[in-house]
Amino acid sequence: KSKQRKLTDFFPVD
Amino acid sequence: LEAKFDDSTIFKKIIDSFKDSVTQINFVCSESGIEAQAIDDSRVLLVTVSIPPSCFESYRCDRPTTIGVYLASLAKLLKSANTNSSLTLYVADKPDELLLLFEEPKNQKSMEYKLKLVDITADMLEVDSDMKSDVTVEMSSVEFTKTVRDLTQLSDSFTVSVTKDGIVFSVQGDTAQGKVLLQPREDLADESNNLSISMSKTIDLSFASKYLLDIIKAASISNKIFLKFSDDTPALFEFKMEKGGGVGFYLAPKYDD
């Protein structure tokens, strides 16, 4: 089963 | 801000390319052009927009200004765009509205719309636009669109893998599976059909089909698409405009649980 990752896992939030 | 497109459909194409991906956006205007980024509610897809002064017939921005708009509202006004009309965007020093002036001198016609600006507080992500990638693919946006449309019918997950043999798009549905292999090619008659791959290592990534269906809505911006992939990081799908700038989409991958 695959899970969706989020962009905030990779890029810092300003 | 006073910024004039000689062809109003340029701005319409840009807005239409991402109006279904995000609901609102802050355009940051400065003397170096108009820049924006917006992230969708699920935080999976990020849209970046760049419209440098070279895209305009004339461009003036005396002081940095932020223009927040609801995209559905702006898109309604842009239905008036056509290739015979110019479009000038005006924002006053104390911005509370955006004025759009369409002009068709040949038809002695002009249209004026005003759009109320909104105060948008949205998280900005620090995306390194020079982000290094393991794989860069440049291909026809028409080919990419067709491949995405065909394969996403079969599954809600869409896999991209790149090896030295080429780029493979594949889906594995409950009742059907599909695979499209595209190899590098050089079409001397039509350069937009070229496909080139530069890679330092192979990649194999899966994405949710629904976001790819959003991304291909931007294909009218350019007949080419640039894809950047690295293992286990968001991919970049980028459409560059002829006169500079463009629209890019960062999409977070899925991973096996």
Can the ring centres of B:Y250 and A:F11 be said to be less than 6.0 Å apart?
-> yes
What class does the angle between the rings of B:F169 and B:F158 fall in, given that below 30° is parallel, 30 to 60° is tilted and above 60° is perpendicular?
-> tilted
Under 4.5 Å from a heavy atom of chain A, the part of B:I39 involved | side chain
Residues of residues 147-157 of chain B with a heavy atom under 4.5 Å from any heavy atom of chain A, in residue-number order, are B:S157
Test side-chain contact (heavy atoms from CB on, under 4.5 Å), reference A:L7, set B:L46, B:V44, B:D40, output is B:L46
Taking side chain as C-beta onward, heavy atoms only, is B:K240 less than 4.5 Å from B:E238?
-> yes
Just wondering, do B:I197 and B:V137 contact through their side chains at under 4.5 Å, heavy atoms?
-> yes
Answer yes or no: does atom CD of B:E97 have more than 12 heavy-atom neighbours from other residues, nucleotides or ligands under 6.0 Å?
-> yes
